[in-house]
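The figures here come from the full heavy-atom set of this structure, side chains too, leaving out hydrogens, waters and symmetry mates. Here the structure is a predicted model, which is why all the values come from computation and not from measurement.
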Amino acid sequence: MIRLDKYLADAGIGTRSQVKQYLKKGMVTVNGQIQKRPEQKVTPGEDLILFQGKAVAYTKYEYYMLNKPAGCVSATRDSEHKTVLDYIDSRRDDLFPAGRLDRDTEGLLVITNDGALSHRLLSPAHHVPKSYFVRVSGCVREDAIDLCRLGLDIGDEKPTKPALLEILSAGESSELLLTITEGRYHQIKRMCHVLGHPLEYLKRVSFGPLALDDSLAPGQYRPLTPEEIAQLKNEENICCIIKKQ
C-alpha cells in the first residue's frame with residue numbers, strides 16, 4: 001500500500017503539491033468515492049483510482065537508458081552542475097542513476113527507481129562487466145592487453161581486477177575497447193595513466209547485457225524494453241568474471 005498522493009504523482013498526474021490541490025478540489029475518486037486526503041493508503045492493482053473520471057495507471061518501477069552527455073553529474077541533485085535526471089522527463093521523485101559516470105564521461109547510464117536491481121548491478125560480488133570506448137594519447141602496444149588482464153597497480157590497496165583490452169587502432173592517438181568489472185574512482189583514467197597513455201575521451205558502450213542504443217544522441221533517453229529489463233534481472237546475464245590467463 002502507498003499514499004494516494006504518491007500514487008498520483010508517480011503516475012504523472014502532477015507534483016506532490018499539485019496533486020494535493022487536485023484532491024482538495026474533489027477531482028480524485030477511490031473506488032467510486034471522492035477522496036481528499038493525500039495520506040489515504042491505496043493498493044495498486046486493487047483499488048480503482050480515477051482523476052477527472054479517467055482511470056490512473058500506475059507503474060511501480062520505471063527503467064530508462066540515457067546516453068549521458070559530458071558535463072553533467074551522475075546524481076539526483078547538485079548545486080553547481082546539471083544532473084543526469086535533468087534529462088529525464090518524468091514527474092517521479094524517486095528516480096536515480098544506477099551507478100555513476102564521471103562528469104566528463106559519456107555513454108550508457110541506467111536510470112530507475114528499482115533499488116533491488118540497482119544493488120545487484122552494482123554489487124562487487126556480481127562482477128558486472130562494463131565496456132568503454134577509450135581514446136588515449138600515444139600508440140598503445142600489444143603488451144598492454146596482458147597487463148590489463150593481469151591487473152594494474154593504480155595506487156589502491158589492491159591491483160585492479162582482470163580487465164579485457166582490445167586495441168581498435170594505434171597511432172598518435174589510440175582507440176580501445178576496455179571492459180572492467182569494477183567501478184573504482186576514475187578507474188579507467190588511472191589505468192591509462194599507468195599504461196603511459198593520457199586519457200582523451202571516454203564513453204561507456206555497454207553495462208552487463210545492455211548495449212547503448214546507437215540512435216540515442218548525447219542527452220537523449222528512452223524506456224528500456226521488457227526484454228532489456230528481463231535481461232538485467234537475469235542473474236546469469238549480469239554476472240561475469242574475467243579470468244587471468
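Looking at Q220, its side chain does come within 3.5 Å of a backbone N or O of A217 through a donor-acceptor pair. The closest donor-acceptor contact from the side chain of N67 to the backbone of G219 lies at 3.5 Å or more, if one exists at all. In this structure a side-chain-to-backbone donor-acceptor pair under 3.5 Å is present from D47 to T43. Remark: side-chain polar atoms of S174 are not paired, donor with acceptor, to backbone N or O of V136 under 3.5 angstrom. Of the possible polar contacts, none joining the H197 side chain to the C192 backbone as a donor-acceptor pair under 3.5 Å is found. Using modelled atom types, one side-chain atom of E228 and one backbone atom of T225 make a donor-acceptor pair closer than 3.5 Å. A donor-acceptor pair under 3.5 Å is absent between the side-chain atoms of E175 and the main chain of V134, judged by distance alone. Checking side-chain atoms of D78 against main-chain N and O of T83 turns up no donor-acceptor pair under 3.5 Å. A distance-only check finds a donor-acceptor pair linking the side chain of Y221 to the backbone of D89 [under 3.5 Å]. In this structure a side-chain-to-backbone donor-acceptor pair under 3.5 Å is missing from T181 to P129.
The residues K6 and D10 are annotated as salt-bridged, a charged nitrogen and a carboxylate oxygen being separated by less than 4.0 angstrom. Salt-bridge check for D102 with K189: failed, with every basic side-chain N at 4.0 Å or more from each acidic carboxylate O. We find that R190 and D156 are joined by a salt bridge, their nearest charged nitrogen and carboxylate oxygen being less than 4.0 Å apart. A salt bridge does not link K158 to E182: none of the charged side-chain nitrogens sits closer than 4.0 Å to a carboxylate oxygen.
Counting heavy-atom neighbours within 6.0 Å of E39 CD, excluding the residue itself, gives a total above 12. Environment of CG in D143: crowded, with over 12 heavy atoms of neighbouring residues, nucleotides or ligands closer than 6.0 Å. By the 6.0 Å contact criterion, NE2 on H81 is enclosed, its count of non-hydrogen atoms from other residues, nucleotides or ligands being greater than 12. Atom CG of L48 has more than 12 heavy atoms from other residues, nucleotides or ligands within 6.0 Å.
In the hydrophobic clustering of ILVMFWY residues, with side-chain heavy atoms under 4.5 Å counting as a link, I34 and F51 come out apart. No chain of hydrophobic side-chain contacts below 4.5 Å, direct or via other Ile, Leu, Val, Met, Phe, Trp or Tyr residues, connects Y64 to V73. Residues V140 and V194 fall within the same hydrophobic cluster, defined by Ile, Leu, Val, Met, Phe, Trp and Tyr side chains chained together at heavy-atom separations under 4.5 Å. One hydrophobic cluster, built from ILVMFWY side chains closer than 4.5 Å, cannot hold both F133 and V110; they sit in different ones.
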**Prompt:** Can you list the steps and then say if F96 with T112 is a side-chain contact (heavy atoms from CB on, under 4.5 Å)?
**Reply:** CA-CA 6 Å; F96 57 86; T112 186; 4.2 Å; yes
**Request:** Mind running side-chain contact (heavy atoms from CB on, under 4.5 Å) on K130 and T179 for me, showing each step along the way?
**Result:** CA-CA 5 Å; K130 297 168 280 288; T179 301; over 6 Å; no
**Request:** Decide side-chain hydrogen bond (donor to acceptor under 3.5 Å, both in side chains) for Y201 and E106; before the verdict, give the C-alpha distance in whole Å, the side-chain angles of both, and the deciding distance to 0.1 Å.
**Result:** CA-CA 9 Å; Y201 176 76; E106 299 181 5; 2.7 Å; yes
**Prompt:** Checking side-chain contact (heavy atoms from CB on, under 4.5 Å) for the pair L4/V30: CA distance, chi angles, key distance, verdict?
**Reply:** CA-CA 9 Å; L4 178 58; V30 178; 4.0 Å; yes
**Message:** Apply side-chain contact (heavy atoms from CB on, under 4.5 Å) to residues M191 and L178 and explain how you reach the verdict.
**Reply:** CA-CA 10 Å; M191 291 174 68; L178 181 60; 4.2 Å; yes
**Prompt:** Passes side-chain hydrogen bond (donor to acceptor under 3.5 Å, both in side chains), K233 versus Y63? Steps please.
**Reply:** CA-CA 12 Å; K233 291 184 176 182; Y63 308 87; 3.2 Å; yes
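Taking Y87 as the reference, nothing meets the ring pair (Phe, Tyr, Trp, His ring centres under 6.0 Å) condition, with sequence neighbours excluded.
With rounding to the nearest 0.5 Å, the separation of CD in Q35 from CG in D5 is 10.5 Å. One distance of note links CG of L195 with CD1 of I145; it measures 11.0 Å at 0.5 Å rounding. A distance of 9.0 Å separates CG in L66 from CG in L101, rounded to the nearest 0.5 Å. One distance of note links NZ of K68 with CZ of R100; it measures 9.0 Å at 0.5 Å rounding. To the nearest 0.5 Å, atoms CD (E62) and CD1 (I88) are separated by 10.0 Å. To the nearest 0.5 angstrom, L8 atom CG is 6.0 Å from I13 atom CD1.
In summary, the side chains of S215 and D213 do present a donor paired with an acceptor at a separation below 3.5 Å, with no hydrogens or angles considered.
Residues I167 and R141 come closest through the heavy atom pair CD1-O, 3.5 Å. For the pair A57 and A11, the tightest heavy-atom approach, listed with the atom from each and the gap, is O-CB, 3.2 Å. Summarising the geometry of A98 relative to L109, their closest heavy-atom pair is O-CD1, 4.3 Å, with the distance given to 0.1 Å. Taking every heavy atom of both residues into account, L212 and G107 meet most closely at CD2-CA, 4.3 Å. For V128 against L121, the heavy-atom pair with the smallest separation is CG2-O, 3.3 Å.
A cation-pi arrangement is present between R204 and F207, with the terminal nitrogen or guanidinium carbon under 6.0 Å from the aromatic centre and inside a 45° cone about the axis.
Counting only heavy atoms from C-beta outward, the side chains of R3 and P38 approach each other to under 4.5 Å. Counting heavy atoms from C-beta outward, V84 and C72 have side chains that approach closer than 4.5 Å. The side-chain heavy atoms of V42 and M1, taken from C-beta on, include no pair separated by under 4.5 Å. The side-chain heavy atoms of L210 and L224, taken from C-beta on, include a pair separated by under 4.5 Å. Residues P97 and T76 are in side-chain contact: their nearest non-hydrogen atoms beyond the backbone lie under 4.5 Å apart. Using a 4.5 Å heavy-atom threshold, the side chains of P44 and I2 count as touching. Within the 4.5 Å cutoff, side-chain heavy atoms of L117 are placed close to those of L232. For the pair T160/Q187, a side-chain contact is recorded, criterion being any heavy-atom separation below 4.5 Å from C-beta on.
Using bins of under 30°, 30° to 60° and over 60° for the plane-to-plane angle, the ring pair Y58/Y7 lands in the parallel bin.
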